[in-house]
Q: 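Here it is, the structure, as structure tokens.
We use all heavy atoms of the structure for the numbers below, so side chains are in, but hydrogens, waters and symmetry mates are not. Numbering of ligands and ligand atoms starts at 1, following listing order.
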Amino acid sequence: MTKEQTAVIKQRYAAKLKNGYPLIEKSAFDQPFIDSLQEGTLLRLLDEKGAFLGKGYFGRQNKGVGWVLTRKQGEEIDRPFFQSRLKAAFDKRAALKADDQTTVFRLFNGEGDGIGGLTIDYYDRFYLCTWYSEGIYSFRKEVYEALQSIVTCKGIYEKKRFSAKGQYVEDDDFVSGERGEFPLLVKENGMTFAVYLNDGPMTGVFLDQRDVRKRIRDHYADGKDVLNTFSYTGAFSVAAALGGARKTTSVDLAKRSLPKTIEQFSVNQIDYEAQDIVVIDVFQYFSYARKKGKTFDLVILDPPSFARSKKRTFSAQKDYTGLLQEAIALTRKNGLIVASTNCSLFSMKKFHSFIREAFSREGVSYELMEQYSLPDDFRTTKAFPEGDYLKVVFLKRLS
Ligand code: SAH
């Protein structure tokens, strides 16, 4: 039985919680109280006057120390609770589930679906649960029972991203059912991706870019020379090549990106030898390309929020403007830049200010073509705007 205890929230934070904010912030309590709590403890949250605010769990995460689970006094946090939350979330994805061209998507998105700290992704009849704290992981049994009571799982895998930094805990990620044979070939809008559910923190494809990949393939790639930076397994390059790109160039620092990108091209019957795959620091590639006078019709920028390489650290918040300047210099007139960031530390508005600044520094004009945030299956809640982290802007270089 999970322990339950009363927790009095400081006034300022109580006001936020009353307005629907789902995250229990660290500063809502005194440190000694936090230190006394055990991961997974259920907290009966009260304001300083003793009024009931909700029930949540304690779990240390990169953000906050837990999440509100219910605002109903009488609601128990038990298997039926998880079952109803999961069922409601899965029902909302019915259209994706029915689409035979897409067999990979998010089924449950943390606080957007009512349980912060837990996501569930669907990979062609396999279910991948990601647990963001030991606290939420202590409800594992109830959640897996709830999951299996709603759907027939071929197999279940999990990722543990505990600790303050959300770091991945190395483990055998297989939970139950059948073990998959990897790579598992999944489909997204008719494209194929080779994924691995038991090989480190990432699977080979980032599911939140589905709409952007489709848009690039269907509208922006035909006949184009494409540069895909921070390319990882080359998912954007695959989309561009399938959309008729003349040639794609994928640039990533990680050595594994070469075989991974070859694999993604190959499972889509694209001749990888006709594409360029370059293992190098993006900034080094930019100087090389400038020296050689290389230019592109379409440049994709999708850096991590933060990365440390041998030569430098990259922080999206500090360095995106500079990154864009480099990209602008390599983009042909009337060419397109797809600028993407998953950094939750700044808003779309701020992102636009980086973009304006970069073009202005380069003395180049541009047109905003379209922009994207998270797709529908990555449900967010207005009460927690930080959860809506993805920002993707399509920019046409005019001069
Ligand atoms: N755009 C990718 C996801 C990017 S993940 C996709 O859509 O699938 C971030 C990638 O950036 C990682 O593969 C990492 O190896 C790479 N990376 C980080 N710093 C880099 C740098 N300085 N130069 C090149 N690649 C870098």
Q: Honestly, is Lys16 close enough over Tyr21, meaning NZ or CZ under 6.0 Å from the six-membered ring centre and within 45° of the axis?
A: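 Yes, Lys16 lies over the aromatic ring of Tyr21.
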Q: State which residue, out of Lys55, Arg44, Arg85, fulfils the salt bridge (Lys or Arg N to Asp or Glu O under 4.0 Å) condition with Glu75.
A: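 Passing option: Arg85.
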Q: If two hydrophobic side chains count as joined below 4.5 Å and joins carry through other members, does Phe52 share a cluster with Ile9?
A: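 Different clusters.
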Q: Which atom pairs, nitrogen or oxygen on both sides, join ligand 1 and the protein at under 3.5 angstrom?
A:
{"from": "ligand 1", "atom 1": "1 (N)", "to": "Phe230", "atom 2": "O", "distance (Å)": "2.9"}
{"from": "ligand 1", "atom 1": "1 (N)", "to": "Asp302", "atom 2": "OD2", "distance (Å)": "2.8"}
{"from": "ligand 1", "atom 1": "13 (O)", "to": "Asp252", "atom 2": "OD1", "distance (Å)": "3.4"}
{"from": "ligand 1", "atom 1": "13 (O)", "to": "Asp252", "atom 2": "OD2", "distance (Å)": "2.7"}
{"from": "ligand 1", "atom 1": "15 (O)", "to": "Asp252", "atom 2": "OD1", "distance (Å)": "2.7"}
{"from": "ligand 1", "atom 1": "22 (N)", "to": "Asp281", "atom 2": "OD2", "distance (Å)": "3.4"}
{"from": "ligand 1", "atom 1": "23 (N)", "to": "Val282", "atom 2": "N", "distance (Å)": "2.9"}
{"from": "ligand 1", "atom 1": "25 (N)", "to": "Leu253", "atom 2": "N", "distance (Å)": "3.1"}

Q: Would you kindly check if the NZ (Lys) or CZ (Arg) of Lys97 is within the cone defined by 45 degrees around the ring axis of Tyr122 and under 6.0 Å from the six-membered ring centre?
A: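 Yes - Lys97 lies over the ring of Tyr122, closer than 6.0 Å to its centre and within 45° of its axis.
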Q: Using 30° and 60° as the class boundaries, would you call the ring planes of Tyr288 and Tyr285 parallel, tilted or perpendicular?
A: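 Tilted, since the angle between the ring planes falls between 30° and 60°.
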Q: Can you list everything that forms a side-chain hydrogen bond (donor to acceptor under 3.5 Å, both in side chains) with Tyr196? Sequence neighbours excluded, please.
A: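 Scan of Tyr196 (side-chain hydrogen bond (donor to acceptor under 3.5 Å, both in side chains), adjacent residues dropped) gives Glu263.
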